[in-house]
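Proteins get letters first, then strands, A, B, ... in listed order; numbering begins at 1 in each.
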Amino acid sequence: MDDERAAVERLERLTGMLRRRGVVLPAFEIHGGAKGLYDFGPVGGRLRAKVESVWRDHWTSQGDVVEISCPTVTPFAVLEASGHVAEFSDFMTVCGACEEASRADTMLEAHHPNPDALSLADLQALLDEASPACPACGEVSWSPVKAENLMFDTVIGAGSSGRAAFLRPETAQGMFTNYPALYRHFRERLPFGAMQLGRGYRNEISPRQGMIRLREFNMAELEYFIDPEVEAAHDLSPWSNINVHLVPAESEPGPSTIPAALEAGTILHPTVAWFMARTYDLMLALGVDADRLRFRQHARDEMAHYAMDCWDVELHGSYGWVECVGIAHRGCYDLDAHEQATGQRLRAWRSFDAPRTVEVDGWTVEGAVAGPAFRALAGKVKVAVEALDASASFPCSLTLEDGNVVEVLPEHVKRLQRTVTEAGEWFVPHVVEPAFGIDRIIWHLIDHAYEEAGEGDEAYVRLRLHRDVAPVDAAVLPLFEKDGMGDRAREVHRRLCSLRGVQAIYDGSGSIGRRYARADEIGTPCCITIDHQTLQDGTMTWRERDTGEQERLSIEAVEARLRA
RNA sequence: GCGGGUAUGGUGUAGUGGUAGCACUCGAGCCUUCCAAGCUCGCUGCGCGGGUUCGACUCCCGCUACCCGCACCA
């Protein structure tokens, strides 16, 4: 109990510090705030940018992954095809007389065996036809059916010509809808990946827990397209000595290496194992505490219906174990769904090892005769004739697929005998998707890095962030702002800020110890102090955040270190 | 969304039907040759909107946000 209270108090001090120092803070606070929406402030903005930059570099370094960027406003049809409309929404309609909102599918249960499964258009049609009375007032005056719920809806365009749309609940759909461009970009060769950093929106019923459940959040997703019949060639040997904490769905949790878990069949697919391993490296590169990271496998009944295997990276922090990354084998579900909805080919070509020859022996129509003879039915006759066995004889009666019966004469047909060579086939690629909740990861970086030393209220606070993500790269401090030390320090500050990718702050107020403390609190990795000796020989002290150790360096040496 | 609690400077708090103190922080200055020192001066506040009232930070109503349960969480 005391531990719990201590943890809550630590969390309060931590979130208080984050607000006070401008890391993360409630959005729109001067207007009363808005639940589930947070700002990254003057310090947090750069923290987020650096985390995203590390993420981006980590994946592009693979060489077969490109970054794209898609709109957040997404037409209804896209999310209907992906299954989000059905999964995320209820179809609502509002009574024109009493303004009571009702679920359209619920009202139509008497008119359809399973109205829950209907599309928006079908539901609208059924509602118009059935015209159920309003359960509240009995009138029949329904507004157009509208999808309501976990997705923010909006309209593209004005007035009656507007198209229904949503703010996207994930970035992934953009990668799928861009599949043809990606396939072309990669010269029609699998495997390849596309990724996207951006905002996603979910109108959560009740957001809680600070940055853990947001209504608008930063996500980073990668869709890796593979040929399901090609044995993936991932070299997992670099991870063969690294034990990670696994929580499999059907066996005991415990430490294991990722290659061993793949070998044992716990991890079901080598590409999933590959992304687990790469993700593990990324998490450590960002500064996650390895002891507070685990991979948890989804149970069969927990997985989305299309997923073939799914592992979450969970990070442990002030809110317990929290899902921060999901690595899912999505099979061909997404491309398949968009292909069916649009009729576009979202496939890849697979050449056979050797061309296959297929003997065709059967019948087809003699177009010049059958066309005029059967007119509108000619197409269906052709299908029926080509379905016949080579042993068929004419004349004969054929029943077409629409039930019509036609008499086919010998002059309507001709024998079709030939050898067809097939060099390969089209198939729908499978997808392995690592999806990252950037805000949740940032929260855990902060949580893991936050350290209070000493006792009680006077605890010394240090944010031990990895320097690759530290929001401020260096603090430049004149020992005193006099005798020219202040001017000299400002000069050094400007010089360091002009380095690409380096952001330094200048702080000249308060005692030197106080300024070190302020820098440590937001995780500034080093402080550069200008003292009397600097005026003599140009050297300055470099102080390490985590150890407090100092050494004297020239400005050139300082620049070289910050650039490294 | 339901139930309970809370809301005073950046932070922690005191207080009243006649618009507010304190501490720390922050800023300016003095002092100080390196880890939240000291001294002087200064800035900053009653969550938002209605109502009652001559007058509301205070009383009443509504809203918002935060905390704790419950529900929700592809």
Peer 1: Could you work out the separation of B:G45 and B:G5 based on their C1' atoms and round it to a whole Å?
Peer 2: 23 Å

Peer 1: Roughly how many Å apart are B:U16 and B:C68, using the P atom of each and rounding to a whole number?
Peer 2: 30 Å

Peer 1: Using whole Å, what does the distance between atom P of nucleotide B:G45 and atom CZ of A:Arg20 come to?
Peer 2: 19 Å

Peer 1: Using the C1' atom as the point on both nucleotides, what is the distance between B:A20 and B:G62, in whole Å?
Peer 2: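 It comes out at 27 Å once rounded to the nearest Å.
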
Peer 1: For B:C54 and B:G49, measure between their C1' atoms and round to the nearest Å.
Peer 2: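 Their C1' atoms lie roughly 22 Å apart.
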
Peer 1: Both distances below 3.5 Å, Watson-Crick or wobble geometry, any strand: find the nucleotide opposite B:C70.
Peer 2: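 Across any shown strand, B:C70 pairs with B:G1.
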
Peer 1: Sort out the partner of B:U6 for me: Watson-Crick or G-U wobble, both distances under 3.5 Å, none otherwise.
Peer 2: B:A65

Peer 1: If you check the A:Tyr460 side chain, which of B:U32, B:U11, B:C35 turns out closest?
Peer 2: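 Within the option list, the nearest is B:C35.
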
Peer 1: Would you kindly give the CZ-to-P distance between A:Arg215 and B:C72, to the nearest whole Å?
Peer 2: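 Distance check: A:Arg215 CZ to B:C72 P gives 17 Å.
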
Peer 1: On a whole-Å scale, what distance lies between the C1' atoms belonging to B:U58 and B:C41?
Peer 2: 33 Å

Peer 1: In the strands shown, is B:A56 matched to any nucleotide by a Watson-Crick or G-U wobble pair with both distances under 3.5 Å, and which?
Peer 2: none

Peer 1: What distance, rounded to whole Å, do you find between the two C1' atoms, one in B:C24 and one in B:C34?
Peer 2: 24 Å

Peer 1: Between atom CD in A:Glu9 and atom P in B:G12, what is the gap in whole Å?
Peer 2: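 Value for this atom pair: 13 Å.
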
Peer 1: Do A:Asp334 and A:Tyr179 pair up side chain to side chain, a donor and an acceptor below 3.5 Å, judged on atom types alone?
Peer 2: no

Peer 1: Round to a whole Å and report the spacing from CZ of A:Arg545 to P of B:A36.
Peer 2: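 Between P of B:A36 and CZ of A:Arg545: 18 Å.
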
Peer 1: What's the closest nucleotide to the A:Lys35 side chain, out of B:C34, B:C35, B:A65?
Peer 2: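 The nucleotide sitting nearest to the side chain is B:A65.
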
Peer 1: Establish whether the base of B:C72 is bridged to the side chain of A:Arg213 by a donor-acceptor pair shorter than 3.5 Å.
Peer 2: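 Yes, a donor-acceptor pair under 3.5 Å.
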
Peer 1: Taking atom P in both B:A71 and B:C63, what distance in whole Å separates the two?
Peer 2: 25 Å

Peer 1: Atom CD1 of A:Ile512 and atom C1' of B:C31: how far apart are they, to the nearest Å?
Peer 2: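 For the pair A:Ile512 CD1 and B:C31 C1', the rounded distance is 15 Å.
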
Peer 1: So, A:Glu433 versus A:His329: side-chain donor-acceptor pair below 3.5 Å or not?
Peer 2: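 Not at all, the side chains of A:Glu433 and A:His329 share no donor-acceptor pair under 3.5 Å.
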
Peer 1: For B:C35 and A:Arg515 - does any side-chain N or O of the residue sit under 4.0 Å from the phosphate oxygens OP1/OP2?
Peer 2: no

Peer 1: Can you measure A:Met17 atom CE to B:U25 atom C1' for me and round it to whole angstrom units?
Peer 2: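 Checked: the CE to C1' distance equals 15 Å.
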
Peer 1: B:C73 P sits how many Å from A:Leu214 CG, rounded?
Peer 2: 18 Å

Peer 1: Sequence neighbours excluded, which residues qualify as side-chain contact (heavy atoms from CB on, under 4.5 Å) partners of A:Leu11?
Peer 2: A:Thr15, A:Ser318, A:Tyr319, A:Trp443

Peer 1: At less than 4.0 Å, is any side-chain N or O atom of A:Arg21 found next to OP1 or OP2 of B:G10? Yes or no.
Peer 2: no

Peer 1: Please report the distance, rounded to the nearest Å, between NE2 in A:His31 and P in B:C63.
Peer 2: 21 Å

Peer 1: Show your reasoning for whether salt bridge (charged side-chain N to carboxylate O under 4.0 Å, His left out) applies to A:Glu549 and A:Arg543.
Peer 2: CA-CA 5 Å; A:Glu549 278 168 17; A:Arg543 170 189 173 273; over 6 Å; no

Peer 1: Looking at every strand, decide which applies to A:Gln533 at a 4.0 Å heavy-atom threshold: base, sugar-phosphate, or nothing.
Peer 2: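 A:Gln533: no heavy atom of the nucleic acid under 4.0 Å.
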
Peer 1: Establish, from distance only, whether the side-chain atoms of A:Thr539 and A:Arg552 form a donor-acceptor pair under 3.5 Å.
Peer 2: yes

Peer 1: List for me each residue that meets side-chain contact (heavy atoms from CB on, under 4.5 Å) alongside A:Arg213, sequence neighbours excluded, and say none if there are none.
Peer 2: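 Partners of A:Arg213 by the side-chain contact (heavy atoms from CB on, under 4.5 Å) criterion, ordered by chain and then number, come out as A:Glu204, A:Arg440.
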
Peer 1: Can you tell me the Watson-Crick or wobble partner of B:A23, both distances under 3.5 angstrom?
Peer 2: B:U11

Peer 1: The side chain of A:Ser511 lies closest to which of these nucleotides: B:G10, B:A36, B:C34?
Peer 2: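 Closest nucleotide to the A:Ser511 side chain: B:A36.
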
Peer 1: With rounding to whole Å, what would you report as the distance between B:G50 and B:U64 at their C1' atoms?
Peer 2: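 Those two atoms are separated by 14 Å.
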
Peer 1: For B:U40, which nucleotide is its Watson-Crick or G-U wobble mate, given both distances must be under 3.5 Å?
Peer 2: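 B:A28 - that is the nucleotide pairing with B:U40, both distances being under 3.5 Å.
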
Peer 1: Could you say whether A:Ala34 or A:Ile530 is positioned toward the 5' end of RNA chain B, judged by the nucleotide with the nearest heavy atom to each?
Peer 2: A:Ile530

Peer 1: Taking C-beta and beyond as the side chain, do A:Asn218 and A:Leu197 meet within less than 4.5 Å on heavy atoms?
Peer 2: no

Peer 1: Could you please name the option among B:C66, B:C34, B:U33 that lies closest to any side-chain atom of A:Tyr516?
Peer 2: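 Shortest atom-to-atom distance from the side chain points to B:C34.
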
Peer 1: Taking OP1 and OP2 of B:C26, is either one under 4.0 Å from a side-chain nitrogen or oxygen of A:Arg518?
Peer 2: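 Yes, within the criterion.
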
Peer 1: Choose from B:U11, B:C35, B:G27 the nucleotide whose nearest atom is closest to any side-chain atom of A:Ser509.
Peer 2: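 Of B:U11, B:C35, B:G27, B:G27 is nearest to the side chain of A:Ser509.
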
Peer 1: Go through the side-chain N and O atoms of A:Asp531 and A:Thr529 and say whether any donor and acceptor fall under 3.5 Å apart.
Peer 2: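 A:Asp531 vs A:Thr529: no donor-acceptor pair found between side chains.
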
Peer 1: Base, sugar-phosphate or nothing for A:Gly16? Non-hydrogen atoms, less than 4.0 Å.
Peer 2: nothing

Peer 1: Between A:Ala517 and A:Glu12, which is nearer to the 5' end of RNA chain B once each is assigned its nearest nucleotide?
Peer 2: A:Ala517

Peer 1: Using the side-chain heavy atoms of A:Arg514, tell me which of these nucleotides is nearest: B:C34, B:C26, B:U33.
Peer 2: B:C26

